[in-house]
Amino acid sequence: MASFMCFFCFASLFTLVLITSSAPAAVTAEEFKVGGDDGWRQPGSANETEMYARWAATVRFHVGDSLRFEYNNDTVVVVDKWGYYHCNSSHGISVFNDGNTVINLERPGPVYFVSADPDHCKKGQRLMVEVISLHSPPDSSPAPSPFSGAGSFLVAPQLVFCYVLLIAASFNM
C-alpha cells in the first residue's frame, strides 16, 4: 500500500509539472515606432498615400503595447473614426506636438491618428490601428484541435494522469 501511495504522489506531481509547464507565457508589451524608419511624416508622393496603412498591416497591436511617433514640425492627433476619414482634427481626443510622442494602447478596438494639418492628412499622414486583447484568437487561422501537436497541451496532462492511475491500480490487484 505504501508503494501505491508513493507512486500516486509521483504521478500527481508529474501531472502538476506538465500542467504548469504548458501554461502560456506572459506576453510582454512592445513599443512600435510608427512608420518604421520613416517615422511620422507627410507622404512625399502619390505612391506613399497608403504608407501608414501598409505599415500597420504588418504589425499586431495588443492591449499594453505603445506607439512612438517621431516627427518634426508636425502634430499627432488622436481622433474618432469620423475625424480619421474626413481628416478633421478639430474635435481631437488628444493633441501632441512635442516631436517624440508615446501613446499607450489601453483597450481593444480601433484607434485613429491624424496630422493636424489637413493637407498632410489628405496626402496620407493618418493611421488606424486595430488593438486586440491579449486573449484574442488570431483572425484568419482556425482554432487548433486540442489533440494536434501544434495546439493546446492542456488535454494531455489529464490523460497522463488517468493512465498513471490505471497502471497504479493494476499493480495493486
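- Below 30°, between 30° and 60°, or above 60°: for Phe61 and Phe32 the angle between ring planes is above 60°, a perpendicular geometry.
- Within the 4.5 Å cutoff, the side chain of Trp40 has heavy atoms near those of the Tyr52 side chain.
- Side-chain atoms of Asp65 come within 3.5 Å of backbone atoms of Glu30 as a donor-acceptor pair (strictly under, hydrogens ignored).
- In plain terms, the two heavy atoms of Gly124 and Pro43 that are nearest each other are C-CG, 3.7 Å.
- One hydrophobic cluster, built from ILVMFWY side chains closer than 4.5 Å, holds both Val95 and Tyr112.
- Between the side chain of Thr75 and the backbone N or O of Ala116 there is at least one donor-acceptor pair closer than 3.5 Å.
- From Ser115, atom OG reaches atom CZ of Arg126 across 11.5 Å, with rounding to the nearest 0.5 Å.
- Contact annotation: the side chain of His86 never approaches that of Lys122 to less than 4.5 Å [non-hydrogen atoms, C-beta and beyond].
- Looking at Phe96 and Val77, their side chains never come closer than 4.5 Å, going by heavy atoms from C-beta outward.
- Within 6.0 Å of CZ in Arg54 there are more than 12 heavy atoms belonging to other residues, nucleotides or ligands.
- More than 12 heavy atoms of other residues, nucleotides or ligands shown are found within 6.0 angstrom of CG on Asp119.
- Residues Leu67 and Leu105 have side chains in contact (heavy-atom distance under 4.5 Å, counting atoms from C-beta outward).
- With rounding to the nearest 0.5 angstrom, the CG atom of Asp98 is 10.5 Å from the CD atom of Glu70.
- The shortest heavy-atom contact between Val79 and Gly92 is CG1-CA, 4.2 Å.
- The closest side-chain donor-acceptor pair between His120 and Asp74 falls under 3.5 angstrom.
- Heavy atoms only, all atoms of each residue included: Gly64 and Ala29 are closest at O-CB, 3.1 Å.
- Using a 4.5 Å cut-off on side-chain heavy atoms (C-beta onward), Trp82 and Asn88 make contact.
- Put simply, the side chain of Lys81 does not reach to within 4.5 Å of the side chain of Pro110, judged on heavy atoms.
- Proximity of Val114 to Gln125: side-chain heavy atoms (C-beta onward) are nowhere separated by under 4.5 Å.
- The same ILVMFWY cluster, assembled from side-chain heavy atoms under 4.5 Å apart, contains both Tyr71 and Val111.
- Looking at heavy atoms from C-beta onward, Ile103 lies in side-chain contact with Phe69 at the 4.5 angstrom threshold.
- Using a 4.5 Å cut-off between side-chain heavy atoms of Ile, Leu, Val, Met, Phe, Trp and Tyr, with links allowed through other members, Ile132 and Val63 fall into different hydrophobic clusters.
- A distance of 10.5 Å separates CD in Gln42 from CE in Met51, rounded to the nearest 0.5 Å.
- Val102 and Phe113 end up in different hydrophobic clusters when Ile, Leu, Val, Met, Phe, Trp and Tyr side chains are linked at under 4.5 Å.
- Connection of Trp55 to Val131 is established within a shared hydrophobic cluster, with ILVMFWY side chains joined at heavy-atom distances below 4.5 Å, either directly or through further cluster members.
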